[in-house]
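Have a look at the structure below, then the notes.
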Amino acid sequence: MTTATMPTPTFKPFQRQTAGDIPGFDSLSDEERFTIDVVARVLPFRTNNYVCEQLIDWSNVPNDPLFQLTFPQRDMLDPRDFDTIAALVRKGAGDDEIQAKAREVQLELNPHPSGQVQLNVPSLDGAPLAGMQHKYDGTVLFFASQGQTCHAYCTYCFRWPQFVQLDDLKFATREADNLTSYLRAHPEVTDVIFTGGDPMVMRTNVVRRYIEPLLDPEFERVTIRIGTKAPAYWPYRFTHDRDADDLLRLFEEVVGAGRHLAIMAHYTHPNELSTDASELAVRRIRETGAVIRSQSPVVQHVNDSSEAWADMIRHQIKLGIVPYYMFVERDTGAKRYFEIPLERALEIYNECWRGASGLGRTLRGPVMSATPGKVMVEDITEIKGETVFALRLLQGRNPDWSNRLFFAEYSPDVAWYDQLRPAFGEQEWFFQRELDGLVDELVDQVSNRSRLPLISTG
Ligand SMILES: *Cc1c(COP(=O)(O)O)cnc(C)c1O
Ligand code: SF4
């Protein structure tokens with residue numbers, strides 16, 4: 001289908017206050033609506049007409065996977081916290097009072113996991129560069145300040161504190177200049193990842209302001225990645241929006257300048273890949289010469305089945321999308337609602353792998369982005385009579401650790417890195433001492449600087 005034969009879609013956002021206008025919302029009971037209202041005081045809620053009209057099957061609510069991914073659910077909060085907020089809402093408390101309580105609950109939800117928040121903030125001439133993170137030698141993350149929102153607020157997003165306006169958690173910069181200065185000072189950086197929020201919420205002229213300087217021949221070594229949920233949740237960004245064509249032209253320029261442009265698309269469920277609009281978006285992006293790679297956490301209630309993953313991979317291969325990471329839900333926000341044990345994540349990965357075309361086997365996972373680096377669960381196996389998790393450090397904070405295997409005691413309940421213990425009675429991980437040293441060093445550097453915005457993306 002060409003863009004000309006589709007009706008022109010107008011972006012309509014919905015949030016807590018306007019939830020009553022959501023098409024399909026009247027199929028919910030009063031209690032379900034009240035629950036959404038209560039949970040949304042704590043966890044960010046925002047969705048749009050495309051998600052509600054084309055992705056969610058309201059006859060299957062509350063079990064519909066995209067409803068689960070997008071709408072606040074009661075069990076996302078501790079029952080005690082839910083009851084506290086619910087009581088305030090019920091008695092008609094003022095917004096200020098409710099917000100103050102909600103803020104307390106938010107801060108309990110580990111908004112900066114692993115306490116490693118400040119550790120990845122780079123500096124230039126001794127000054128911290130807010131809005132950037134540099135954890136692995138070759139890769140810099142860049143958070144454009146105008147991209148700190150998103151086309152949807154999946155509550156599992158590990159960047160969720162940015163959306164609830166905890167100002168000192170907000171991590172952004174208006175200065176594309178910082179980025180180019182930093183790249184000049186750091187020739188080891190080969191990849192710049194624009195992330196957020198979602199950089200694709202920015203208008204094209206703003207995106208251009210950030211990306212164009214990188215097309216200068218002096219940055220010829222740099223690959224540009226853009227992390228975004230837009231192909232899944234607002235595909236019209238690439239087809240019908242007023243500046244959609246300009247955006248695609250910009251992509252063409254990046255490719256024309258001899259750069260690899262990678263769109264890191266957050267697809268979480270196969271239904272996101274099967275509408276006409278999403279297929280058209282993929283086709284148009286690919287026509288610019290950009291490569292689309294796909295990454296997603298495996299999450300309970302949404303995609304915790306090998307069928308969902310197999311289906312997702314099949315769709316991706318058909319559309320020319322390259323599967324990249326299967327992440328493990330990280331320890332923040334509504335994790336308790338979405339998390340699954342590592343063992344289950346591995347089963348889903350393995351079953352999906354067995355049925356996948358060889359082209360689908362570029363999917364790596366399950367992967368935890370944790371303090372030492374990207375930790376992949378390779379297998380559960382028996383060594384010297386002990387059942388263990390075989391783990392691989394795909395990316396290490398120290399590059400020398402990368403691709404090394406290590407082993408942890410098996411337990412069926414482990415769901416995150418910090419619950420793992422070294423196998424074979426060993427006292428610590430092979431990287432532990434060096435990691436502690438690196439962390440101490442970074443903490444020293446940080447305490448010598450002015451106060452930093454706090455937020456972690458790993
Ligand atoms: C995952 C991640 C990257 C990118 O890693 P790749 O394996 O190169 O895709 C970069 N920085 C951080 C902090 C990450 O978590
Ligand atoms: S950035 Fe991605 S994961 Fe986070 S809320 Fe937006 S769509 Fe969800």
Side-chain angles (χ1 to χ4, degrees), residues 112-122 128-144 147 156-162 171-172 179 182-183 186 188-199 221-229 259-267 290-298 321-333 362-378 391-404 416-418 435 438-439 442 446 452-458:
H112 20 269
S114 313
Q116 50 164 332
V117 180
Q118 305 101 316
L119 302 183
N120 306 331
V121 179
L129 294 175
M132 286 174 60
Q133 281 200 11
H134 193 183
K135 175 170 172 180
Y136 306 124
D137 276 1
T139 314
V140 158
L141 303 185
F142 187 78
F143 304 77
Y156 71 72
C157 174
F158 57 80
R159 305 181 193 108
W160 69 271
Q162 286 171 323
F171 208 13
L179 179 59
Y182 192 76
L183 291 175
H186 290 269
E188 77 276 16
V189 175
T190 56
D191 288 63
V192 173
I193 308 184
F194 288 88
T195 182
D198 193 328
R221 69 182 190 279
V222 172
T223 286
I224 297 171
R225 305 191 212 176
I226 300 175
T228 176
K229 182 80 181 166
R259 303 306 156 75
H260 181 149
L261 175 62
I263 305 301
M264 313 303 289
H266 301 182
Y267 289 112
V291 178
I292 308 177
R293 291 174 201 274
S294 161
Q295 53 189 36
S296 166
V298 49
I321 300 170
V322 184
Y324 193 46
Y325 279 134
M326 172 197 273
F327 286 118
V328 177
E329 170 69 2
R330 72 175 299 136
D331 54 344
T332 182
T362 49
L363 179 72
R364 291 187 295 180
V367 173
M368 291 174 278
S369 189
T371 312
K374 285 235 175 21
V375 177
M376 179 162 92
V377 184
E378 286 272 11
L391 306 162
R392 185 187 295 275
L393 206 49
L394 283 183
Q395 280 260 44
R397 190 177 277 280
N398 174 343
D400 296 346
W401 308 337
S402 295
N403 217 26
R404 287 198 46 190
W416 187 249
Y417 167 78
D418 60 5
L435 177 63
L438 282 173
V439 168
L442 290 163
V446 168
L452 287 172
L454 294 172
I455 175 79
S456 167
T457 67

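For ligands, and for the atoms within them, numbers begin at 1 and follow the listed sequence. FYI, side chains are in, hydrogens and waters are out, and symmetry mates aren't considered; it's all heavy atoms of this structure.
Panel note: side chain Asn120, backbone Lys135; no donor-acceptor pair is recorded below 3.5 Å. At least one donor-acceptor pair under 3.5 Å links the side chain of Thr362 to the backbone N or O of Pro323. Side-chain atoms of Arg221 come within 3.5 Å of backbone atoms of Val189 as a donor-acceptor pair (strictly under, hydrogens ignored).
When Arg293, Met264, Arg397, Arg225 are ranked by how near their heavy atoms come to atom 8 (O) of ligand 1, first place goes to Arg225. Distances from atom 13 (C) of ligand 1 to the heavy atoms of Leu141, Thr190, Asn120 show the closest one on Leu141.
The ligand atoms of ligand 1 that sit less than 4.0 angstrom from a heavy atom of Tyr325 are 6 (P), 7 (O), 9 (O). Heavy-atom contacts of Lys374 reach the following atoms of ligand 1: 1 (C), 2 (C), 3 (C), 4 (C), 5 (O), 14 (C), 15 (O) (cutoff under 4.0 Å). Listed by number with element, the atoms of ligand 1 under 4.0 Å from a non-hydrogen atom of Tyr324 are 6 (P), 7 (O), 8 (O), 9 (O). Near Ser369, meaning under 4.0 Å from any of its heavy atoms, are these atoms of ligand 1: 15 (O). Proximity to Thr139 (heavy-atom distance under 4.0 Å) selects the following atoms of ligand 1: 10 (C).
Between Lys135 and ligand 1, not a single N/O pair is under 3.5 Å apart. The shortest N or O to N or O distance between Tyr136 and ligand 1 is not below 3.5 Å.
Between Ser402 and Gly396, the shortest heavy-atom contact is OG-N, 2.9 Å. Scanning both residues, His134 and His186, for their nearest heavy atoms gives CE1-ND1, 4.4 Å.
The ring pair (Phe, Tyr, Trp, His ring centres under 6.0 Å) search around Tyr324 returns none, not counting sequence neighbours.
Ring geometry for Phe327 versus Tyr325: interplanar angle of 30 to 60°, hence tilted.
At least one heavy atom of Ile193 sits under 4.0 Å from some atom of ligand 1.
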